[in-house]
Every structure is written in structure tokens, then in C-alpha cells.
2 protein chains.
Amino acid sequence: MEDVAKRAGVALGTVSNVINQPQKVSRATIDKVQRAIAELGFVPNRAARALAAGTSNTIGVVIADLSNSFFVDMARGAESIAAESSINVVLANADMRRSKQAANLDLFRQERMAGILLAPLPGADGSLLTGRNRTPLVFLNDAAIEGACTVSVDNEYGGYLAASHLLAIGRRRLLFAGDPAQAVPIADRLRGVERAVRETAGASLELSPTPEVQADDGRTLGFAIAHRPESERPDGIVAAADLLALGLVQILGADASIRIPEDIAITGYDNNRAAWESLIPITTIAQPGEQIGAVAMALLLEEIRDPEGHEHTHSVLEPTLVVRASTQRT
Amino acid sequence: MEDVAKRAGVALGTVSNVINQPQKVSRATIDKVQRAIAELGFVPNRAARALAAGTSNTIGVVIADLSNSFFVDMARGAESIAAESSINVVLANADMRRSKQAANLDLFRQERMAGILLAPLPGADGSLLTGRNRTPLVFLNDAAIEGACTVSVDNEYGGYLAASHLLAIGRRRLLFAGDPAQAVPIADRLRGVERAVRETAGASLELSPTPEVQADDGRTLGFAIAHRPESERPDGIVAAADLLALGLVQILGADASIRIPEDIAITGYDNNRAAWESLIPITTIAQPGEQIGAVAMALLLEEIRDPEGHEHTHSVLEPTLVVRASTQRT
DNA sequence: TTGTATGCGTTATCAC
DNA sequence: GTGATAACGCATACAA
């Protein structure tokens, strides 16, 4: 920067002003300085800036698993809000490993990021808000944390939405596919399903735990259901995840004696690609991934701007129902 | 850090040594200092370190599109190599936008990253190696760049692999699904297919350009093929991408007069989830995503360690064939 | 509006 | 092995 100043024939502080507060500098000087910057191929040093200013203007996002497009959506939503304030966003992938999650948090704190967004691994707690370094931090997709803002989705309501849809199209013998003991969100979804069933006279619910929520588990369950006598089959299935639903649809849809959705209607969860790329597109519950990121970034920016007056908020967003051919003939 | 020094009753420089070169400090002092660090909850300031040392020890990865798991694989491979040298990795998503790609590159250069890995948008050229700031940069998944290391995959060979496999199982009337004019990698794959066909007596090749390479395009083409008289159908199809193959399999597999793979064998490309979650799992060409990232990171580290002696390398990796039910009955 | 001086937290180079 | 001290490149008063 000193070279630029010399080259432009101005003082060092003036160059700094041209970059950060152009309105306080005359047109002519701005031009001179910018020409010098271009000629010298000058690249400002953010490390120095962060040091001098005490804080950087970039925000770090730590993601539990980048292979999961749900998290990528959150990152995108966060970026779009940050961009409005011309704040930069960098990502770090914990890759489902607790140690990497901790390392990435450390890294961002050491870099003196303006703030951190964390989509944590399952089982996160307040201990992640550790140490004397109080970099503002907002949790994504996790509700049970005190001492920080959180943004999450209402899984109970999602389950309720799915079941209500099936009930609304006349289904009464529902089946929930997925193991509530496997993950908290699945248990929440089941609770929502149960609530919807309770509210409807004559409706029943069967629980079919599956080892995982992959397509293979869906296929296995699909075969089991197809082999039942027709009278004992459910007429509506809420799958805890889209892949599970995909497996079910693949098997049940291929069975000559079963029509989807007339005989069995099926809903998934997550609005994965798998849901709409299926031969029979699958009705699903869409999680507002981008919205989570956007809301979280908004909260974070608020906290950054007013660290004292800031009050921690626990924001819970609602998922939405996306109706497709697996429940409704178009 | 000054506080830590005072608290531990040592000089500031000693604290720095404890952190960076423990071997130059006595056991007793190390213990004292580390206790002070813990008690004060001290978090080192990387901005200051980068400023003083002139370079950071983190590497930035700019990714064209994080929604594409291929790129995520590259990032994972890069991280695994970097971790061996305890070098940090942060990501930035260009989200398919040229402006964001440029902004992210700027950001990393301004942060004085030790190096940059770039998985560029289509149409990248040497202009991305701009300016006076020579942060080492390696291109991922792009071969046609001078003045930097590149790591890419041999798409021609991938096409050759796919077609050779079909020819090896006795297919002679091949069809290539995908538009070579849409993207360079697709054109490369087609070239490989053509080469394999040329090498085999009695083999013919038909080209069916599709608007995109999505599942929908595959379904459309699938219907068209199903409607042909049986004698005019291909007996082997090389799809330019897995989703395209998925759509083809969905339609052709559902046609009562067509058996997969007996009548028509189908290969995809990329080894997407879609390929193995299909009802009929799809034979595909797997791109070595993690390997690309790993090789690129290794090249980058080499360039960082010896900027002078470094010679730019253009590394071309080979994809592999993954045989599944869409070409071979198990 | 422009120029000058000080400090940000570390590293690195010296003496001790 | 340890302790002072000068950069590092920039922001930010403050003075001109």
C-alpha cells in the first residue's frame, strides 16, 4: 500500500481512505490512487486489515456434512443475506467428524471472524460456545441450545403435515416407516403423525421401524408389505425420509396388484432429488434449507452489530408439503 | 498474548515460541505458559500471525457448484491430504456464478492464503491467474490452462471404457445419448465412444443429442426408443450422465417388450447416487473425485514449499468402470 | 480534503 | 533457554 501511495503521490492514509471511505476523498485523488493500484496490481492484505480493525468482515460457516444437500442449501441462503451487506462467507466441512467440527470452530475463532454459523453434528451442546473468545455464533438446524441463537425446523409439524395430507385424501390405515429411536428428528416426525391420527376418527397407525432410512430399507419394507394379504396393507405410508419412500415406491409401484396412489399413497421427507427424479414423483415435506440459512445469517448480523443489546432467539421454521404423484393423480 | 506472558511470568517472545517451536523451550516454561493460556482462555490471533509471518497456513478452495457432489468429493480429498501437514482448508462456493468465483478468488488472495485450489466454472482460462499477487493456484477438473498446475479426468477414456464394456458383452448397435455441443466433457466422452466403436468390427454408433442431461431428457428419449420397431432399437446405450441413464432405465425398464440388460444395456456417467439408487442399478463411469482433490493438494503443497523450483504439471486421472445390473445380470 | 503518527498481536532477530 | 525490539500492512484518530 505504501508503494501505491508513493506511486500516486499521496499519503498512505489517503490510499486507505480511497479503499474504505471513498466519499471522504476528492474525485481526482481517487482516480490517481486507483490507477496506481491497477498499475501495481496491488492486492490489499486482509490479515493486516483484520488486525488493525480488530475484526474481519467475513463470516465462517461450519457444516456437519457437505454431502448432504440440505446443508448446502443453508449455506446458500446464508450467503445470499451476507452478500446484501457485502460480507464474505467461507465454509468448512466437518465431514461428520466431531474432531473436525471442533478444529474448524477453532480456526474461525482464531481468524477473528466477524461471526460463525454452525450446523452441528447430532448431539451438539453449549460446550461449543467455549472459552473467553466470544465470537458470535448461531446454530443451524438445532433447537436445544442455550446461550446462543438457534434456527431449526419443526419436525413434529412436518410429520403432522404429511399425515394430515394422507388423511385428507381419505386414507385411514396409515403406516410410519422409520425408527424413532434412530434420530431425534424422526421421533419428532412420528409424534406429528400420531397427533394427526388422533385427531381423525377411524384412523389407525402402524409403526414399521427400519434399520436406516436408505432406499434399500424402503425396498425391504416394500416387499414385506406387498406380500401381505390385501386387507392388511396400509393405504397410506409416511416415510421418514425420501430415499426410504423411493425404495417403497420402486417395489410397490412395480407390483401388479398395487396401484400408487389409489391403493397405497406414499409420502417422503426432505424434498431430495430422489423425490422428484423417481418414476412416480414422490409427495414430500420440503425443509426450508435456504430459509434456515437466511434467517440464521440475519440473526448473526444483528448480534454482530449490537452485541450488547442482542437477545438470543430460538427461531423455528415450518416445513411445507409438496404434493406429487405418489399421493395424488394429476 | 501479552497477558499470557505476564501471567506466566515470562517474556512475550517466549510465549510465541511455546506455541510454534516448543522444542526450543524448557519443559517447565512450557507448562507454565500453557497453564496461563488455559486459565485466560487465550485464542491466538491468526490475522496477526499471517501479517507477521507473511503467509497463513490455510488453503482456500473455490468450488464452482457445491450442489454437485463431484466437487464435494474433490474438497474432501484435498482436505485429507492437507490434514497430513496440519494445514487448514476453507471452502467458498461460486454457486455457478462467474462473479462469485472472481470474488472468492479475490478474497482468498487478500487473505494471503498459502495457496488456492480452484474447481472453475466452464470456460476458465489463464486470466484467473491475474495480477501481481502470485498466490499458488492449482486448477481442478480443468486441463486447458497454461501457467498453473491442473488435475483433470480423462473423459475420452471414460467414454471409451463405457463403450468397450458394452461391446465386450456383445452389443453392436450402440447409441450415445447427450449433446456433444453442450459441454466439452460430453464431446470428449463421445470421442472415446467413437474410438471404441471404430476398433470393433460390425459395431455401429447412433448419436441422439438431448437438450440437457437430466432424468427428464432420458425419459423423453426412452419413450422415443420404445416406440421404434424392435429391429431399429439400439442394443447398447451410453448415456452422457447418470440422470440421463436413470430416465432411460425408468422408461425402457417399464416397457413389457424390453428387458434390461438383455435387450438393451445402458451405462451412465459420474457414479451419482441416482445410479445406485435406481430400481435397476446402473453401470456407470466413476470419476475419481477425491483423488483429484488429493493430487491437486499434493501439487499445491509442493509448489508452496518450493515456489522457485516448481514446474507446472498437467495431471490426467483415469475414471473407472462400475458394472451394475443395467448391463450385466448378476 | 489530505497528510502524519500510533497501535493492532505476532513473528523473527537479535542480544543476554 | 530466555528476554527485548523491530517489522508486518493497514485503520484510525488527529493535525495540517
Side-chain angles (χ1 to χ4, degrees), chain A residues 1-34 36-37 40-58 86 88 106-114 131-135, chain B residues 1-34 36-37 40-58 88 106-114 131-133 135:
Chain A
M1 201 160 101
E2 197 180 320
D3 296 339
V4 174
K6 207 171 299 174
R7 172 87 147 173
V10 301
L12 194 142
T14 305
V15 176
S16 174
N17 281 333
V18 169
I19 294 175
N20 300 304
Q21 330 202 335
Q23 70 278 13
K24 311 199 87 183
V25 184
S26 76
R27 283 296 303 160
T29 313
I30 292 182
D31 288 345
K32 264 193 309 187
V33 171
Q34 287 190 329
I37 287 179
L40 268 56
F42 167 75
V43 177
N45 185 327
R46 274 174 190 270
R49 172 186 303 201
L51 183 57
T55 175
S56 107
N57 75 143
T58 114
S86 54
N88 303 292
D106 273 353
L107 174 62
F108 285 157
R109 286 202 250 251
Q110 294 180 5
E111 298 253 28
R112 296 294 188 273
M113 293 286 183
R132 187 170 256 46
N133 182 285
R134 305 301 281 107
T135 305
Chain B
M1 201 160 100
E2 196 181 321
D3 296 340
V4 174
K6 207 172 298 173
R7 172 87 146 169
V10 301
L12 195 134
T14 305
V15 176
S16 175
N17 281 335
V18 170
I19 294 176
N20 300 305
Q21 329 202 335
Q23 70 277 14
K24 312 199 82 181
V25 183
S26 75
R27 282 298 302 159
T29 313
I30 291 183
D31 289 344
K32 265 193 308 187
V33 171
Q34 287 190 329
I37 287 179
L40 270 57
F42 168 74
V43 177
N45 185 328
R46 275 173 189 270
R49 170 185 305 198
L51 180 57
T55 175
S56 105
N57 76 144
T58 114
N88 303 292
D106 273 353
L107 174 63
F108 285 157
R109 287 202 249 250
Q110 295 180 4
E111 299 252 29
R112 296 294 187 273
M113 293 287 184
R132 186 170 254 47
N133 181 286
T135 304

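Please read these numbers as outputs of a predicted model, since none were measured by experiment.
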Reading DNA chain D 5' to 3', what string of ( ), [ ], | and . shows its pairs, if Watson-Crick and G-U wobble pairs count only when both distances fall under 3.5 Å? ||||||||||||||||
So, OP1 or OP2 of D/dT2: does either fall under 4.0 Å of a side-chain N or O from B/T29? yes
Look at the side-chain N and O atoms of A/T14 and state whether any lies under 4.0 Å from the OP1 or OP2 oxygen of C/dG3. yes
[atom1] of [X] versus [atom2] of [N]: gap in Å, rounded?
X: A/K24; N: C/dT2; atom1: NZ; atom2: P; result: 12 Å
X: B/Q110; N: D/dC8; atom1: CD; atom2: P; result: 20 Å
X: A/E111; N: C/dG9; atom1: CD; atom2: P; result: 16 Å
X: A/I37; N: D/dG9; atom1: CD1; atom2: P; result: 16 Å
X: B/K6; N: D/dA4; atom1: NZ; atom2: C1'; result: 15 Å

How long is the straight-line distance from [atom2] of [Y] back to [atom1] of [X], given to the nearest 0.5 Å?
X: A/I19; Y: A/I37; atom1: CD1; atom2: CD1; value: 4.5 Å
X: A/N57; Y: A/T55; atom1: CG; atom2: OG1; value: 8.0 Å
X: B/D106; Y: B/E111; atom1: CG; atom2: CD; value: 11.5 Å
X: B/K32; Y: B/R27; atom1: NZ; atom2: CZ; value: 13.0 Å
X: A/N88; Y: B/F108; atom1: CG; atom2: CZ; value: 9.5 Å
X: A/I30; Y: A/K24; atom1: CD1; atom2: NZ; value: 13.0 Å

Protein within reach of the bases, or only the backbone? For nucleotides 10-16 of chain C, mark each nucleotide 5' to 3' as B, S or -, using heavy atoms under 4.0 Å. BBB----
Given that B/A11 and B/L51 both sit by DNA chain D, which one's nearest nucleotide is further toward the 5' end? B/A11
Counting N and O atoms only, with roles assigned by atom type, does the side chain of A/R49 sit under 3.5 Å from a partner on the main chain of A/G54, one being a donor and the other an acceptor? no
I'd like to check A/R46 versus B/L107 (side-chain heavy atoms, cut-off strictly below 4.5 Å). Are they in contact? yes
Less than 4.5 Å apart, any side-chain heavy atom of A/S56 and any of A/R112? no
